[in-house]
Amino acid sequence: MKMAVIGAGKWGQALYHAFSQKNDVVIHSRTPREIENFVSLDEALSREYQVMAIPAQFVRSWLEKYFEDRGQKILVAAKGIETATGAFLNDIYGEFVPQQRLAYISGPSFAAEVVQSLPTALMISSVNLELARTFSDALPNYIKGYISDDIIGAEVSGAYKNVIAIASGVCDGLGLGNNARAALISRGLVEMTRFGEAFGAHSETFLSLGGAGDLFLTASSTLSRNYRVGLGLAKGKKMDEILKELGEVAEGVGTSKALQKIAEKKGIYLPIASEVYAMIEKGKDPRQSVRDLLG
Ligand SMILES: NC(=O)c1ccc[n+]([C@@H]2O[C@H](COP(=O)([O-])OP(=O)(O)OC[C@H]3O[C@@H](n4cnc5c(N)ncnc54)[C@H](O)[C@@H]3O)[C@@H](O)[C@H]2O)c1
Ligand SMILES: O=P(O)(O)OC[C@H](O)CO
C-alpha cells in the first residue's frame with residue numbers, strides 16, 4: 001500500500017517504522033526532519049492511505065489549516081479528547097472525512113518498543129470493517145491486529161486510560177503500594193467503562209486491548225509520559241515544571257480537563273478523573289486526593 005504518516009513525533013516515527021516493513025511509506029510533519037522518505041505536505045496528502053499521529057489537542061487546527069480531502073483513507077493514531085470542546089477525535093475528523101474512510105488505532109503500544117520491532121498487539125476500529133482489516137493487514141508481522149466496529153469504545157478507552165495512568169503515577173509516587181495501585185487501576189477501568197457507556201460504547205471494548213490492555217500497560221510503567229506526570233505531581237512539582245522536564249506530549253493532562261467539563265455537563269460520576277483534574281488544574285494536594293478517593 002502507498003501510505004503517508006503525518007506527524008513525526010515518537011508515535012508517528014514508530015508507526016512509520018512499523019508500516020514500512022510491508023508498505024511504501026513516506027512521512028511528513030510541520031517541522032522538517034532528517035528522516036528517510038520525509039516528504040512535502042502535498043506528497044503526503046496525495047497518498048491513498050494516511051496515518052495521522054498529530055496529538056489530539058492540535059488535530060482540529062492542523063486539519064483546518066492543512067488538510068485537503070483527496071479521497072484518502074485515514075488511520076487516526078492519537079489518543080485524547082479535545083479540551084476546548086469535549087469533542088472526540090472521531091467527531092473532529094468526521095467534520096472533514098466520512099466515517100467510512102476513517103479508522104482508529106489503539107491498544108498497549110509504547111513507541112519505544114514498537115521501533116525495536118518488539119511483539120505488540122493493537123486494535124483497529126472503524127464503522128467500515130473492510131477498511132479496519134485493510135489497515136490491520138498492513139501491520140508488520142511483529143504487530144498482531146484485532147479489528148472492531150466500536151469506535152467510541154476504542155476512543156474513550158485510549159483517551160481515558162491516560163488520565164488513570166496519571167493517577168497511578170501519583171499512587172506510586174506517594175509510595176502507597178501495590179494493593180493501592182491495583183485497586184486504583186481496577187476502579188479506573190470501571191470509571192472509564194461507565195463514561196464510555198454514556199456515549200454508546202460497548203462495555204466489552206473496555207476489556208479489550210484498547211481498554212484494559214492499554215490501561216495496565218500505561219498505568220504501570222515509567223515509559224508512560226502520563227504515568228510520569230503523576231510521579232511529578234506526587235513529588236509536589238508544578239505542571240509547567242513537569243511538562244518541561246517531560247519534553248513530550250502527555251495527553252492525559254488535556255483529556256482530564258475535557259472529562260471534567262463533560263462530567264459536569266452530563267452528570268457522570270468520575271471520581272478518579274475529577275481528582276486528577278483537581279491536582280492538575282487546582283494544585284490539590286495529592287495526599288488529600290487519595291484521602292478523598294478512599295473516603
Ligand atoms: N509515544 C507513544 O508511545 C504513543 C503510543 C501510542 C499513541 N500515542 C499517541 O500519539 C499521539 C502523538 O504522541 P507522540 O508520542 O508522537 O508525541 P510526541 O511528544 O513525541 O510528539 C508530539 C508531536 O506533536 C507535534 N506538535 C506540537 N505542537 C503541534 C501543533 N500545534 N500542531 C501539530 N503538531 C504539533 C510536535 O512537533 C511533535 O512532533 C498522542 O495522541 C499519543 O497519545 C503515543
Ligand atoms: O506515554 P503515554 O502515557 O502517552 O502512553 C503511550 C501509549 O498510549 C501506550 O499505549
Side-chain angles (χ1 to χ4, degrees), residues 5-15 28-31 50-67 74-97 99 102-111 114 122-126 150-167 192 195-196 199 201 205 210-211 214-215 217-219 224-230 239 242-243 246-263 265 270 273 276-277 280-281:
V5 173
I6 295 182
K10 292 291 191 315
W11 193 220
Q13 293 194 46
L15 289 173
H28 169 80
S29 70
R30 294 171 310 156
T31 46
Q50 266 155 30
V51 180
M52 303 297 287
I54 296 164
Q57 303 310 327
F58 308 129
V59 163
R60 187 186 297 277
S61 57
W62 191 93
L63 291 172
E64 286 170 347
K65 190 170 181 182
Y66 300 113
F67 184 69
I74 293 175
L75 182 64
V76 176
K79 298 174 180 177
I81 301 173
E82 188 177 55
T83 303
T85 63
F88 296 169
L89 292 177
N90 79 82
D91 299 316
I92 301 171
Y93 278 99
E95 291 175 25
F96 295 83
V97 177
Q99 290 298 339
L102 290 170
Y104 305 82
I105 189 167
S106 62
S109 52
F110 287 135
V114 169
L122 293 175
M123 240 168 66
I124 296 184
S125 306
S126 177
D150 184 11
I151 62 174
I152 302 296
E155 268 220 76
V156 165
S157 49
Y160 213 117
K161 63 89 183 175
N162 286 327
V163 178
I164 307 301
I166 292 173
M192 63 197 256
F195 180 83
F199 288 89
T205 301
D214 205 358
L215 175 61
L217 176 88
T218 312
S224 160
R225 285 80 55 93
N226 290 284
Y227 178 85
R228 298 206 301 270
V229 166
M239 275 313 297
I242 292 168
L243 294 176
L246 203 57
E248 296 180 34
V249 156
E251 292 273 25
V253 176
T255 295
S256 71
K257 297 171 191 172
L259 290 175
Q260 185 68 16
K261 279 185 187 175
I262 296 168
K265 185 177 173 185
L270 306 178
V276 170
Y277 171 80
I280 289 173
E281 202 61 17

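Numbering starts at 1 and runs along the sequence shown. Hydrogens, waters and symmetry mates play no part in the numbers below; they use all other heavy atoms, side chains included.
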Check: Do K161 and T218 have a side chain donor and acceptor closer than 3.5 Å?
Finding: yes
Next item on the list: Find out whether F67 and I74 are in side-chain contact, i.e. whether some heavy atom of one side chain is under 4.5 Å from a heavy atom of the other.
Entry: yes
Item checked: side-chain contact (heavy atoms from CB on, under 4.5 Å) assessment of M123 paired with Y104 -> CA-CA 8 Å; M123 240 168 66; Y104 305 82; over 6 Å; no
Margin query: Rounded to the nearest 0.5 Å, what separates atom CG in D150 from atom OG1 in T205?
Written below: 3.5 Å
Checklist line | Test item: V59 and M52 side chains (from C-beta on) under 4.5 Å apart, heavy atoms | finding: no
Note to self: Between T85 and E82, is there a side-chain donor-acceptor contact under 3.5 Å, judged purely by atom types and distance?
What the structure shows: yes
Margin query: Can a donor-acceptor pair be found, under 3.5 Å and without considering hydrogens, that links the side chain of T255 to the backbone of I81?
Written below: yes
Check: If we ignore angles and hydrogens, is there a donor and acceptor under 3.5 Å between the side chains of N162 and E251?
Finding: no
Checklist line | Any side-chain heavy-atom pair of V249 and W11 under 4.5 Å | finding: no
Item checked: Minimum heavy-atom distance between A258 and T83, given as atom pair plus value -> CB-CA, 3.9 Å
Check: Do any N or O atoms from the side chain of Q13 and from the backbone of A8 form a donor-acceptor pair under 3.5 angstrom?
Finding: yes
Check: When rounded to the nearest 0.5 angstrom, what distance separates NZ in K265 from CD in Q260?
Finding: 14.5 Å
Notebook entry, point to check: To the nearest 0.5 Å, how far apart are OG in S125 and CD1 in I152?
Noted result: 10.5 Å
Note to self: Check the orientation of F88 and F195. Use parallel for under 30°, tilted for 30 to 60°, and perpendicular for over 60°.
What the structure shows: tilted
Item checked: Close side-chain approach of L75 to I124, heavy-atom, < 4.5 Å -> yes
Margin query: Minimum heavy-atom separation for Y277 and K257, please, with both atom names.
Written below: CD1-CA, 3.8 Å
Margin query: Between Y160 and L270, is there a side-chain heavy-atom distance shorter than 4.5 Å?
Written below: yes
Next item on the list: For L15 and A77, work out which heavy atoms get closest and say how close.
Entry: CD1-CB, 3.6 Å
Item checked: From NZ (K79) to CD1 (I105), nearest 0.5 Å -> 8.5 Å
Margin query: For G211 versus S157, what's the shortest heavy-atom pair and its separation?
Written below: CA-CB, 3.6 Å
Check: Hey, does V253 have a side-chain heavy atom less than 4.5 Å from the side chain of M239?
Finding: yes
Note to self: Quick check: do E95 and R60 have side-chain heavy atoms less than 4.5 Å from each other?
What the structure shows: yes
Notebook entry, point to check: I6 and V51: side-chain contact (heavy atoms from CB on, under 4.5 Å), yes or no, with the steps?
Noted result: CA-CA 6 Å; I6 295 182; V51 180; over 6 Å; no
Notebook entry, point to check: Between V229 and L246, is any pair of side-chain heavy atoms under 4.5 Å apart?
Noted result: yes
Notebook entry, point to check: At what distance, to the nearest 0.5 angstrom, does CD1 of I92 lie from OG of S61?
Noted result: 9.5 Å
Next item on the list: State, to 0.1 Å, how close L102 and S126 come at their nearest heavy-atom pair, and which atoms those are.
Entry: O-OG, 2.7 Å
Note to self: Quick check: closest heavy atoms across L89 and A78, and the distance to 0.1 Å?
What the structure shows: CD1-O, 3.5 Å
Check: Hey, do the aromatic rings of Y66 and W62 have their centres closer than 6.0 Å?
Finding: yes
Margin query: Once rounded to the nearest 0.5 Å, what's the spacing between atom OG of S29 and atom CD1 of I54?
Written below: 9.5 Å
Check: Between N226 and I166, is there a donor-acceptor pair closer than 3.5 Å when you use the side chain of the first and the backbone of the second?
Finding: no
